[in-house]
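Working notes, beginning with the structure itself.
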Number of protein chains: 2
Amino acid sequence: MNGPFHPSPAPGRPRQFVLEDVLDKAIQRFSEYGFNGTSISDLNSALGLTSGSIYKAWNDKRGLFLAALNRYMDLRAQAISELLASAHSGRAKLEAMLMHYARLSSEDAGRTGCLVIETAAELAAADPEIAARLAAQRQQREAQLCRLIEEGQQDGSVRKEADPATVAKLLLAIQQGMRILGKTGAAYADMQKLVLEALRLLD
Amino acid sequence: MNGPFHPSPAPGRPRQFVLEDVLDKAIQRFSEYGFNGTSISDLNSALGLTSGSIYKAWNDKRGLFLAALNRYMDLRAQAISELLASAHSGRAKLEAMLMHYARLSSEDAGRTGCLVIETAAELAAADPEIAARLAAQRQQREAQLCRLIEEGQQDGSVRKEADPATVAKLLLAIQQGMRILGKTGAAYADMQKLVLEALRLLD
DNA sequence: TATTATAGGAAACGATCATTTCCTTTTGCA
DNA sequence: TGCAAAAGGAAATGATCGTTTCCTATAATA
C-alpha cells in the first residue's frame with residue numbers, strides 16, 4: 001500500500017539524521033584509516049553521532065562498516081554506469097572508465113583511497129564473509145570489463161586478437177594499481193598519461 | 001677491530017632468537033592482518049616471543065612493524081636484483097620482473113599479500129613518517145622501471161616512442177594491481193597470461 | 001492528553017589493548 | 001666464583017576498546 005514516497009512514518013521518534021549522509025562520512029573515514037584504525041570514539045566525531053545512535057542504526061561497528069562498504073560499491077557502480085551511457089563504442093567506454101579512475105586516483109581523492117582495496121588489504125584474511133563479498137564484486141567488475149572489450153571487438157574499436165578475459169583482468173589490475181599509486185600521491189596529469197598509454201592495449 | 005664475523009659478543013645474555021627469522025614471521029602476520037589487526041598477544045604466538053623480548057628488541061609495536069617493513073622492502077629488492085642479473089635485455093628484465101609479480105600475486109602467496117600495499121592502504125593517512133617511507137620506496141621502484149625501459153629502448157627491445165616515465169608508472173600500477181587481485185584469489189596461469197598481454201605495452 | 005514506540009545520548013561495563021615492572025636466567029669477564 | 005650486563009618471561013598497569021544500560025526526547029496514535 002504505502003510506497004516509499006508517501007510513507008506512513010514508522011512509529012516512534014523519527015531518525016534525526018540521513019542514513020546515506022552518515023554512511024558517506026563513514027566511507028571517508030574507513031577509506032583513510034581502515035576498520036581497525038577507526039574506533040567508535042573516532043566515529044562519534046567523524047559521523048556526529050553518539051554510540052547509541054550508531055548501535056541502534058547498524059547493530060555494531062561491523063554492521064556500519066558493511067553498510068558503508070555496500071554503499072561505496074553501489075555509488076561507484078552507479079557512477080560508472082552513467083559514464084558508460086555517454087560513450088558510444090567499446091573503446092570509448094573503456095577509455096572513459098579508465099579516465100574516471102585516473103581522476104579518482106589523483107590528488108586528494110587518491111590519498112583518501114578506495115574502500116574496496118583498503119578492505120581487501122586489511123580484512124580479506126581475517127573476515128571470510130567480507131572476503132567473499134569482495135571476490136563477488138571483483139567478479140562483476142571483471143565481467144563488465146570483459147563485455148566492454150567484446151563490444152569493442154564487435155564495433156571494431158578494439159583489436160580482435162585480444163583475449164577479452166585476460167585484458168579485462170589486466171585493465172582491472174591497472175585500475176586498482178592506480179588507486180595504490182594514489183595513496184602515496186599522484187598527479188592528475190601523470191595518471192591521464194598513464195591511461196593513454198594503457199589504451200594501447202586495445203590496439 | 002672486530003668485524004661482524006668474529007665478533008666479541010655483546011656483554012650479557014645473548015639473544016635466543018634470530019632477528020631475521022622473527023621478522024619474517026612478523027611480515028607474514030602484518031601482511032595478512034595489518035598493523036591494527038595484530039595485537040601484541042597475536043605477536044606472542046605468531047613470533048613465539050613474549051612481550052618482554054619484543055619490547056627489548058624493537059622498543060614497541062611500531063618499531064617491530066617498521067623493522068618488518070624495512071626487511072620486507074630489502075628482501076623484495078634483493079629478489080628483483082637477482083632476477084635482473086640473469087636477463088640480458090631491457091625487455092627480458094621487465095618480463096622477468098612482471099612474471100615474478102605474477103607468481104607473488106597468485107595462489108597462497110597472493111592471498112598473503114604485499115606488506116607495502118597493506119601499509120599504504122592502512123597507514124598512509126594516519127602515519128606521515130611511514131607514508132614518506134612508502135613514497136620514497138615507490139619513487140625508487142619507479143626509477144628502476146624507468147631505467148629498464150630506457151635500457152630496452154637502447155638495445156632495441158622496447159619501442160622507442162614510449163615515454164619511459166609514463167610506462168614505468170603504468171608497469172608499477174600493473175604490478176600493484178596484480179597484488180590486489182591476488183588478495184581475493186588469483187590463478188597463476190591467469191596472472192601469467194595477464195603479464196604476456198601487458199608486455200604488449202613495450203612493442 | 002495518555003500511550004506506545006523508537007531515537008538520542010551520557011555513563012558504565014567488562015574485555016582487551018600496548019606497555020612496563022620486576023624477577024629470573026644466561027652470558028663474559030674479573 | 002662472583003659481578004655486570006643483557007635477555008627471557010610472568011604479572012600488573014592504566015588506557016582504550018566495543019558494547020550495553022538506562023534515562024530522556026520526540027514522534028504518531030488512540
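Atoms considered below: every heavy atom in the structure, side chains included; atoms not considered: hydrogens, waters and symmetry mates. Letters A, B, ... are given to chains in the order of the sequence lines, protein chains preceding strands, and every chain is numbered from 1.
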Detail all sub-3.5 Å separations between protein N/O atoms and N/O atoms belonging to nucleotides 12-16 of chain D.
none

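For B/R111, there are no salt bridge (Lys or Arg N to Asp or Glu O under 4.0 Å) partners at least two apart in sequence or on another chain. For the side-chain hydrogen bond (donor to acceptor under 3.5 Å, both in side chains) test, residues two or more places apart in sequence or in another chain that qualify with A/Q28 are A/E32. Partners of A/R29 according to the side-chain hydrogen bond (donor to acceptor under 3.5 Å, both in side chains) rule, which considers only residues two or more places apart in sequence or in another chain, are A/T38, A/D42.
Within the structure, the ring-ring contact (aromatic ring centres under 6.0 Å, His included) test picks out no pair touching residues 83-125 of chain B (sequence neighbours left out).
Rounded to whole angstrom, the span from the CG atom of B/L43 across to the C1' atom of C/dT19 amounts to 13 Å. C/dA10 atom C1' lies 16 Å from atom CD1 of A/I40, rounded to whole Å. Summarising the geometry, the separation between CZ on A/F35 and P on D/dC17 is reported as 13 Å, rounded to the nearest angstrom.
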Using residues 192-203 of chain B as the side-chain source, report each donor-acceptor pair under 3.5 Å to any protein atom, sequence neighbours left out, with the distance given to one decimal.
residue : atom : partner : partner atom : Å
B/Q192  : NE2  : B/Y188  : OH           : 3.4
B/E197  : OE2  : A/R159  : NH1          : 3.1
B/R200  : NH1  : A/L201  : O            : 3.1
B/R200  : NH2  : A/D203  : O            : 2.6
B/D203  : OD1  : B/R91   : NH1          : 2.8
B/D203  : OD1  : B/R91   : NH2          : 3.0

Enumerate donor-acceptor pairs with a distance under 3.5 Å from any side-chain N or O in residues 171-182 of chain A to protein atoms, sequence neighbours excluded.
residue : atom : partner : partner atom : Å
A/Q175  : OE1  : A/R141  : NH2          : 3.3
A/R179  : NH1  : A/L104  : O            : 3.2
A/R179  : NH2  : A/Y72   : OH           : 2.8

Which donor-acceptor pairs under 3.5 Å do side chains of residues 62-69 of chain A form with protein atoms, sequence neighbours excluded?
residue : atom : partner : partner atom : Å
A/R62   : NE   : A/D127  : OD2          : 2.8
A/R62   : NH2  : A/D127  : OD1          : 3.1
A/R62   : NH2  : A/D127  : OD2          : 3.2
A/R62   : NH2  : A/E129  : OE1          : 3.3

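Near-neighbour residues of DNA chain D inside residues 57-69 of chain A, defined by a heavy atom below 4.0 Å, number-ordered: A/D60, A/K61. Of the residues in residues 121-134 of chain A, none lies under 4.0 Å from DNA chain C by heavy-atom distance. Within a heavy-atom distance below 4.0 Å of DNA chain C, the residues of residues 45-55 of chain B found are B/S51, B/Y55.
By the 4.0 Å N-to-carboxylate-O rule, A/K169 lies close enough to A/E142 to be salt-bridged with it.
Counting heavy atoms from C-beta on, the side chains of A/L148 and A/L84 come closer than 4.5 Å. Using a 4.5 Å heavy-atom threshold, the side chains of B/M97 and B/L145 count as touching.
Looking at every heavy atom in both residues, B/A124 comes nearest to B/A131 through O-CB, 3.4 Å.
The CD1 atom of B/I149 sits 13.0 Å away from atom NZ of B/K93, with the distance rounded to the nearest 0.5 Å. The SG atom of B/C146 lies 4.5 Å from the CD atom of B/E150; values are rounded to the nearest 0.5 Å. For the atom pair A/L47 CG and A/D24 CG, the distance stands at 10.5 Å (nearest 0.5 Å).
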With B for base contact, S for sugar-phosphate-only contact and - for none (protein heavy atoms under 4.0 Å), nucleotides 22-27 of chain C reads ---BBB
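The neighbour count for A/D108 CG, taken as heavy atoms of other residues, nucleotides or ligands under 6.0 Å away, does not exceed 12.
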